[in-house]
Amino acid sequence: MSSFFPCIRPIRFLASIKQYHHAYSTTAQHPLTPSLKILFCSKHFSEGKPWEPLANTTFRPHHIRTCTAADLHQTLSTWRPDVLVPWWHTIDHHLLDRASSLTLIHQFGVGLDNVDVPAATRNGIWVTRLPANGTGNADTVAEHAVLLMLALSRRLPLAVQVVRNGGPFGQPYGMGMIEKTVCIVGLGDIGRALASRLSTWRMRITAVRHRPELGTPPELRDAIDIVYPTSELHRAIAEADYVVSAVKYDRARNRRLFDAAAFKAMKPGAIFVNVARGGLVDEEALADALETGSVGGAGLDVFEREPLDTRSRLLVLSNVIATPHSAGVTDSFYEMGARVFAENVARFARGEMVKYAVNRPETPRKALREMGEEDDAVVLSIND
Ligand SMILES: O=C(O)C(=O)CO
């Protein structure tokens with residue numbers, strides 16, 4: 001299964017772009033400039049013939065190129081693209097200070113922790129991304145968190161193995177979630193989507209919020225029992241049977257928020273799920289806690305280094321379920337992403353403000369016209 005995703009992702013993505021790009025390019029309202037050069041940074045894109053699905057559109061092979069993270073610097077300086085589409089690669093100030101052709105970075109995702117936005121702004125480069133809510137992927141990430149909670153509670157990998165081994169049938173394999181406490185760390189779009197789902201499951205829901213002054217979101221007043229500030233994280237997780245990390249990653253603020261002390265503070269045997277970013281977790285400390293059983297199980301979709309080293313201690317533990325950063329990457333995400341991307345590239349080519357921009361360079365390399373009420377560029381909170 002793990003090898004399935006890397007092949008299918010770019011193909012689906014590009015097929016969706018073709019579909020939407022075709023729709024836009026056939027209307028006079030969304031013509032694309034033939035001169036805009038777009039660089040997709042993904043090892044997976046470069047493994048196929050990425051421009052093939054775009055052959056019947058106004059995109060031409062010379063508009064689009066793919067590169068790996070390893071040849072990103074080189075491609076930026078030799079091919080000199082206008083638009084960079086990263087795939088959660090680190091786009092730091094070293095790279096941005098030298099990428100003199102770039103005018104737009106369009107993340108094909110929601111989280112932007114990989115991009116040094118202030119450095120982009122300083123260099124006059126616009127930065128935008130996909131929206132998390134509405135048609136975005138906060139709901140699908142929340143679904144994935146539920147999936148991991150359930151799969152760990154019911155020890156799904158073991159149960160599947162028992163059937164393959166011929167039984168025994170009818171034995172208890174796990175714990176139910178009813179009447180248990182779940183602590184959701186981060187109450188942005190993902191945390192709220194998760195709380196709203198679990199609110200009908202007869203669970204006690206608590207939350208940890210970076211900005212506790214925001215209180216409980218009004219729509220979740222009846223669902224969430226108590227909101228703790230981050231300074232009381234350990235107290236909050238000590239009473240939870242499930243701890244779900246859905247908090248925005250900010251290297252300076254919360255790198256390794258879940259460290260040895262946090263895992264020690266958790267209720268013995270409780271389940272830990274991370275659908276946010278790998279940098280939030282001290283993976284060695286988690287492996288220690290899982291080995292001793294002080295943490296009962298872990299559902300991990302994200303890792304400090306992706307792809308995860310196959311020799312990771314986490315992968316040999318039977319109480320770990322790991323998925324390949326796929327929580328938010330579903331068919332609907334691709335459709336939405338391709339639509340936003342195609343529309344944004346068309347807007348950008350016309351010199352119009354892109355949607356969901358997260359910065360406003362003082363001296364942009366490419367000036368963009370604000371689009372009045374049509375310009376719904378907003379800074380979306382993925383969590384707070
Ligand atoms: O969109 C993002 O930032 C994701 O991590 C999707 O899983």
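On a predicted model such as this, the values are computed, not experimentally measured, just so you know. Atoms considered below: every heavy atom in the structure, side chains included; atoms not considered: hydrogens, waters and symmetry mates. Order of listing sets the numbers, starting from 1, for every ligand and every atom in it.
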N or O pair under 3.5 Å between Gly111 and ligand 1: yes
Sub-4.0 Å atoms of ligand 1 with respect to non-hydrogen atoms of Gly328: 7 (O)
Carboxylate-amine/guanidinium contact Lys37 Asp82, below 4.0 Å: no
Side-chain H-bond candidate by donor/acceptor type, Arg211 with Thr230, under 3.5 Å: no
Numbered atoms of ligand 1 (with element) below 4.0 Å of His325, judged on heavy atoms: 4 (C), 5 (O), 6 (C), 7 (O)
Closest to atom 6 (C) of ligand 1 among Asn137, Asp301, Val141, Leu112 (heavy-atom distance): Asn137
Ligand 1 atoms in contact with Val110 (distance to a heavy atom under 4.0 Å): 1 (O), 2 (C), 3 (O)
Between Arg253 and His210: side-chain donor-acceptor atoms closer than 3.5 Å: yes
All side chain to side chain contact (heavy atoms under 4.5 Å, CB included) counterparts of Glu283, not counting sequence neighbours: Val281, Phe303, Glu304, Leu308, Leu314
Sub-4.0 Å heavy-atom contact, Gln107 with ligand 1: no
Contacting atoms of ligand 1, where contact means under 4.0 angstrom from a heavy atom of Gly109: 1 (O)
Any side-chain heavy-atom pair of Trp126 and Thr128 under 4.5 Å: no
Thr323 versus Asp301, side-chain donor and acceptor atoms under 3.5 Å: yes
